[in-house]
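Let me begin by presenting the structure, written as structure tokens, before commenting on it.
Starting from 1, each residue takes its place in the sequence as its number. One-based numbering, in listed order, for ligands and for the atoms of each.
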Amino acid sequence: MTHVLHRQLSSRLPVAVAGDGVCLVDREGRRYIDASGGAAVSCLGHGHRDVLAAMHAQIDRIAYAHTSFFTTEVAEQLADHLVAHAPAGMSHAYFVSGGSEAVEAALKMARQYFVETGQPQREHFIARRQSYHGNTLGALAVGGNEWRRRQFAPLLIPVTHVSPCYEYRDRRDDETPGQYGRRLVQELSDAIDHLGGDRVIAFVAETVVGATAGALPPVPGYLKGVRELCDRHGILLILDEVMCGMGRTGTLHACEQEGVVPDLLTIAKGLGGGYQPIGAVLAQGRIVDAFARGSGMFHHGHTYIGHAVACAAALAVQQVIERDGLLERVRRQGRGLVERLCAALGGHPHVGDIRGRGLFWGIELVRDRAAKTPFDPARKLHAAVRRESMARGLMVYPMGGTIDGRLGDHVLLAPPFIVGDAELDAIVERLAGAIDAAVAAVA
Ligand code: PLP
């Protein structure tokens, strides 16, 4: 009997009692390789001594001071660190307690920016289908996952959704990746014209789509085209790197690889690596300047923003990443991971696509490889993959609805940046076994 309202009322979850390095341990002593970092969170693995020491030291100093009354040294240091490593022009960090809160704050910052600068007629957001931006009402509204939105639709602000950048399924055979990207930019341009370019607040997108579509990177040039289009209309670009950011793709920010600088950048999971709940919005100086010249404040706030222990954990995580050269390690181990995935699964009859960047990889499962036909969603292949993986001592992050919120299955991998070669071998071997067993179970 449990009094915890778990995600699944019928599920019987193992009890996690310990974690060290890339492994979690349950009460029965079973070890699980955390090949997904939970949900792309645990970038330094579990029990990292330097992070724990920084948290202990902060607790002994000051755990909490409300941000209406005080700032803390550690919040200031974390903001300095983030701004020093941020894309050009970012001047401030607004701290929150997770990804959804970061997206909510970014949406409100964007709206307030236009109120402060005399453009209150801008009231629309445009985002993409098959994106995930969080489960609070604003974030859910911009998110494009039908399954998550459906029952809450009457409560959501109206948002225009355009196509995701989903090369495996949507690029036509007669198109180059560049032409496909330009077609998508044209679709966005048409949506902007339809709404009126001076009525749109922002375009919101994950730089690399994570949970709902399985590590979908943009085609070259697509986000550059989006940036130019937004600039032409004075529309803000909000990039959501809650999942794909903070080193996951091999650069600190995924947008660095696109040569694109957003107006607002949301970060969370890898920021604190799961040691504390923390997220942030990084904001361009001109947005904060507009607030300073206008009402002198950002009209927002939560009780726990800038929590000192959360900031201490995040600062320690980010310092370890820098000190230990972990971005280079993400790139190296990422190459090792994809080589192993391609060797083990590249010719698999039910693996349609292997895609991703750094240590962030998606494997799309199909019933028929040539026709790219998905499995019957009623069979819940993704749930079977999760079950079979856990039975093999492996945590991965499978999801259904890859294609349109209903059809399609994928598995997301996001191992800690400290993952070693032998662990990569074990991850791929166990995953291949889990996929075979899951397909056999639902066939
Ligand atoms: N944005 C993206 C891109 C995400 O992947 C997620 C969570 O998976 C969120 C926002 C929401 O973050 P949280 O679950 O911390 O609220």
Return the protein residues near ligand 1 (heavy atom under 4.0 Å from any of its atoms), ordered by chain and residue number.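 Correct list: Gly98, Gly99, Ser100, Tyr132, His133, Gly134, Glu206, Asp240, Val242, Met243, Lys269.
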
Return the set of residues passing salt bridge (Lys or Arg N to Asp or Glu O under 4.0 Å) with Asp170 (not counting sequence neighbours), or none when no residue passes.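 With sequence neighbours excluded, Asp170 shows a salt bridge (Lys or Arg N to Asp or Glu O under 4.0 Å) to no residue whatsoever.
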
Tell me every residue that passes ring-ring contact (aromatic ring centres under 6.0 Å, His included) with Phe375, counting only those two or more places apart in sequence or in another chain.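 His350.
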
Plane angle bin for Tyr168 and Tyr166 - parallel if under 30°, tilted between 30 and 60°, otherwise perpendicular: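 Judged by the thresholds at 30° and 60°, the geometry between Tyr166 and Tyr168 is tilted.
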
Would Arg122 pass as a cation-pi partner of Phe114, given that its NZ or CZ must be under 6.0 Å from the six-membered ring centre and within 45 degrees of the axis?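 So Arg122 does make the cation-pi contact.
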
Strictly distance-based, threshold 3.5 Å: is any side-chain N or O of Ser36 a donor or acceptor partner for the main-chain N or O of Gly38?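 Yes: the side chain of Ser36 pairs with the backbone of Gly38.
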
My understanding is that only residues two or more places apart in sequence, or in another chain, count here; which of them pass side chain to side chain contact (heavy atoms under 4.5 Å, CB included) with Ile157?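 Only Phe125, Ala141, Val159 meet the side chain to side chain contact (heavy atoms under 4.5 Å, CB included) criterion with Ile157.
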
